[in-house]
S.K.: 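The structure that follows is given in the form of structure tokens.
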Protein chains: 2
Amino acid sequence: MTTVANPDTGRALDHPAREQIRVEAVLQALADPIRLRIVREIADRGELPCGVLDLPVSKSTCTHHYRVLRESGVIHQRCVGTSRMNTLRKEDLDALFPGLMDGVLAAPRD
Amino acid sequence: MTTVANPDTGRALDHPAREQIRVEAVLQALADPIRLRIVREIADRGELPCGVLDLPVSKSTCTHHYRVLRESGVIHQRCVGTSRMNTLRKEDLDALFPGLMDGVLAAPRD
DNA sequence: CGACTGGTTCGATAGGGATCGTACTACCAA
DNA sequence: TTGGTAGTACGATCCCTATCGAACCAGTCG
């Protein structure tokens, strides 16, 4: 039977609070091409599980990149079943660094 | 005597053209704390020679950081006498990544 | 000319981080 | 319960880069 799973199996997954987000960490996170691609996809397509993007790296490297994005405050991750759903923390980022994400997302994509 | 030096002893110092500026390189350049500090100072105080900021690094490291900023397209350097004057390439950056620099510069500075 | 100042160049070093594979956990479905 | 799927954890490797000191170069000032 399709048991209705706990709608938020979220195990808190330490995210920085808005006040704890540092611009250097955000820039560092966004500077990697793979991570920038992840961010662009989430920005374009909304909430996404880790696996849907086929990135040219291994699963463990992928996990690493999502962690960097989460710990720097760029994305939020919540557990849903066996997946992790990722969203941009756009509100927080816009409040702290108004224009930054828009500028990054407006950049020509090769 | 105070010979009037060539007002622009600029030896071209390869800068990327606007179209060549890549957002990953800019983010990478801005992600370093020392370089971010340099950028903030130039943004606040206008054109600056390399030496006026007393940074907690050696002269050669300083040169390295200015080169990274120049080659990524964040700053422009021109030679004046024995100095190099640095300016933000704000027009180019705003055109390519509208809001990015404003967001970075608006970030709380610790 | 000779000294000084601002900055570069060159090698060397150390630390960080991007990467991988393997082993593991958690949830879901049959 | 058994298997499959989504992702994590860990240890190892390798490269990139921030750093330094020493030598050097180019203007400027006396």
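Just so you know, these numbers use all the heavy atoms, side chains as well, and skip hydrogens, waters and symmetry mates. Proteins get letters first, then strands, A, B, ... in listed order; numbering begins at 1 in each.
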S.K.: Please report the distance, rounded to the nearest Å, between CG in A:Leu48 and C1' in D:dG7.
M.R.: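 For the pair A:Leu48 CG and D:dG7 C1', the rounded distance is 15 Å.
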S.K.: Quickly work out the B:Glu24 CD to C:dA18 C1' distance and round it to whole Å.
M.R.: 16 Å
S.K.: Identify, with sequence neighbours excluded, every residue that meets salt bridge (charged side-chain N to carboxylate O under 4.0 Å, His left out) alongside A:Arg84.
M.R.: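 Not a single residue meets the salt bridge (charged side-chain N to carboxylate O under 4.0 Å, His left out) criterion with A:Arg84.
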S.K.: Report the distance from atom CG of A:Leu55 to atom C1' of C:dC20, rounded to the nearest whole Å.
M.R.: 15 Å
S.K.: Show the numbers, then the answer: is there a side-chain contact (heavy atoms from CB on, under 4.5 Å) between B:His15 and B:Arg89?
M.R.: CA-CA 11 Å; B:His15 294 75; B:Arg89 293 182 63 175; 3.9 Å; yes
S.K.: Indicate the atoms forming the closest heavy-atom contact of B:Ala31 with A:Glu24, along with that distance.
M.R.: O-CB, 3.9 Å
S.K.: CG of A:Asn86 versus P of D:dA6: gap in Å, rounded?
M.R.: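 Rounding to the nearest Å, CG of A:Asn86 and P of D:dA6 are 14 Å apart.
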S.K.: Let me know the distance between CG of A:Leu30 and P of C:dA18, rounded to the nearest Å.
M.R.: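 Distance check: A:Leu30 CG to C:dA18 P gives 12 Å.
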S.K.: Kindly compute the distance separating NE2 (B:His76) from CD1 (B:Ile42), expressed to the nearest 0.5 Å.
M.R.: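 Spacing of NE2 (B:His76) from CD1 (B:Ile42) equals 12.0 Å.
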S.K.: Within the structure, does a side-chain N or O atom of B:Thr82 lie under 4.0 Å from either OP1 or OP2 of C:dG6?
M.R.: no
S.K.: If I take atom NE2 in residue A:His65 and atom P in nucleotide D:dT8, what distance separates them, rounded to the nearest angstrom?
M.R.: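 Computing the A:His65:NE2 to D:dT8:P distance gives 13 Å.
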S.K.: In whole Å, what is the span from the CG atom of B:Leu69 to the P atom of D:dA18?
M.R.: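 It works out to 10 Å between those atoms.
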S.K.: Among D:dC20, D:dG7, C:dA26, which nucleotide has an atom closest to any side-chain atom of B:Thr61?
M.R.: D:dC20
S.K.: Rounded to the nearest angstrom, tell me the gap between atom CG in B:Asp54 and atom C1' in C:dT5.
M.R.: 17 Å
S.K.: Please list all pairs passing the salt bridge (Lys or Arg N to Asp or Glu O under 4.0 Å) test where one or both residues lie in residues 47-68 of chain A, with sequence neighbours left out.
M.R.: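 Sorted pair list: A:Glu47-A:Arg78.
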S.K.: Checking side-chain polar atoms at under 3.5 Å, does B:Thr61 have a donor or acceptor matched by the opposite partner on B:Ser58?
M.R.: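 Judged by distance alone, the side chains do pair up.
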S.K.: Nucleotide by nucleotide, 5' to 3', does protein get under 4.0 Å of the base (B), only the sugar-phosphate (S), or neither (-) in nucleotides 8-17 of chain C, counting heavy atoms?
M.R.: BB--------
